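Let me begin by handing over the structure; questions about it come next.
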Amino acid sequence: MIPFKHTRNGALTIKGDVIILNANTATKSDYPLILKIWEASVRKTHHFLKESDLLFYKEIIPQALDSVNLIVWKNQNHKVVGFSGIDKDELVMLFLDPQFIGQGYGREILSTLVRKYDIKRIDVNSQNVQVKRFYLKITLKSIQKIQSMVLVNLTLSPI
C-alpha cells in the first residue's frame, strides 16, 4: 500500500477535507469489484455505447486487466473510489465509482500517476465528451508539468 497524503502546500481541499488516497496493487480477488466499478462508470459516462457494445467489452475487460499494472484507489475511509491501469508510460484505464465522480478524486489520481509512474500518454475515447473535457482541463492546467503528455485516441476539436 502506498499512502499519498497531501500537505497544505499541495493539498486538494474539498469541503474543508484533504483528499488522502491509498494505492493498492490489484489482485484477481479485486476483479469482481473492479468490474462492478467499470460497468457502473461506463453506464454513467459512456452514453454513446449501445448495450450490445457494453456487453461485448464487459466480456473482454477481465483479460485486459491481466495485461496492465492495475491499481485500486481507496479514500481516507477505506472505500474504493476507482481503479487505474498502466501499460509502461501510458494510462489505459481510469474509472471511478460514479458516487465519487466530480469530487476531485480523478484529478488527484491522475496527478499521482503522472508523478509516481511517469505517465506520458493517456488513452482516451474521443466519443466520451465528459472524460475528454476532464483530461483536456487537467492537461492544459498542468501543461508546464506535463509538457510531453500525449492524449492517444483523442480528437482535439472544439467541445
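These figures come from a predicted structure and were not determined experimentally.
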inquiry  = Are the side chains of Ile109 and Leu21 in contact, using a 4.5 Å heavy-atom criterion?
reply    = yes
query = Relative to the ring of Phe83, is the ring of Phe95 parallel (under 30°), tilted (30 to 60°) or perpendicular (over 60°)?
reply = parallel
ask   = Is there side-chain contact between Thr112 and Trp73, with at least one heavy-atom pair below 4.5 Å?
value =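 Side chain of Thr112 against side chain of Trp73, heavy atoms only: contact under 4.5 Å found.
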ask   = Side-chain contact, heavy-atom cut-off 4.5 Å: Leu70 with Thr25?
value =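 No, side chains not in contact.
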request  = Look up atom CG in Asp30 and atom CG in Asn24, then write down how far apart they are to the nearest 0.5 Å.
outcome  = 8.0 Å
query = What distance separates Lys88 NZ from Lys120 NZ, expressed to the nearest 0.5 Å?
reply = 13.5 Å
key: Partners passing ring-ring contact (aromatic ring centres under 6.0 Å, His included) against Tyr31 (at least two apart in sequence or in another chain)   = none
In residues 52-63, what donor-acceptor pairs under 3.5 Å come from side-chain atoms, sequence neighbours left out?
from	atom 1	to	atom 2	distance (Å)
Asp53	OD2	Lys50	N	3.4
Lys58	NZ	Glu39	OE1	2.7

ask   = How long is the span from the NZ atom in Lys44 to the CD1 atom in Ile37, to the nearest 0.5 Å?
value = 15.0 Å
key: side-chain contact (heavy atoms from CB on, under 4.5 Å) assessment of Asp89 paired with Arg121   = CA-CA 6 Å; Asp89 66 349; Arg121 301 176 344 128; 4.1 Å; yes
request  = Flag the pair Leu96 / Ile101 as yes when at least one side-chain heavy-atom distance between them is below 4.5 Å, and no otherwise.
outcome  = yes
query = Rounded to the nearest 0.5 Å, how far does CD1 of Ile119 lie from CG of Leu110?
reply = 8.5 Å
task = Report yes or no: does Ser67 contribute a side-chain atom to a donor-acceptor pair with the main-chain N or O of Ala64 at less than 3.5 Å?
result = yes
ask   = In Å and rounded to the nearest 0.5 Å, what is the CG to CG distance from Asn75 to Asn22?
value = 8.5 Å
message = Quick check: do Ser84 and Leu113 have side-chain heavy atoms less than 4.5 Å from each other?
response =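 In short, these two side chains touch, coming nearer than 4.5 Å.
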request  = Under the side-chain contact (heavy atoms from CB on, under 4.5 Å) rule, what do Asp66 and Lys28 come out as? Steps first, then yes or no, please.
outcome  = CA-CA 9 Å; Asp66 290 335; Lys28 288 203 184 272; 2.8 Å; yes
inquiry  = Is there a side-chain contact between Tyr117 and Ile71 in this structure, where contact means two heavy atoms from C-beta onward sitting under 4.5 Å apart?
reply    =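 Sidechains of Ile71 and Tyr117: in contact.
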message = Side chains of Ser111 and Arg107: any donor to acceptor distance under 3.5 Å?
response =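 Their side chains do not contain a donor-acceptor pair, so the 3.5 Å distance test is not met.
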Under-4.0 Å salt bridge between Asp97 and Lys36 = no
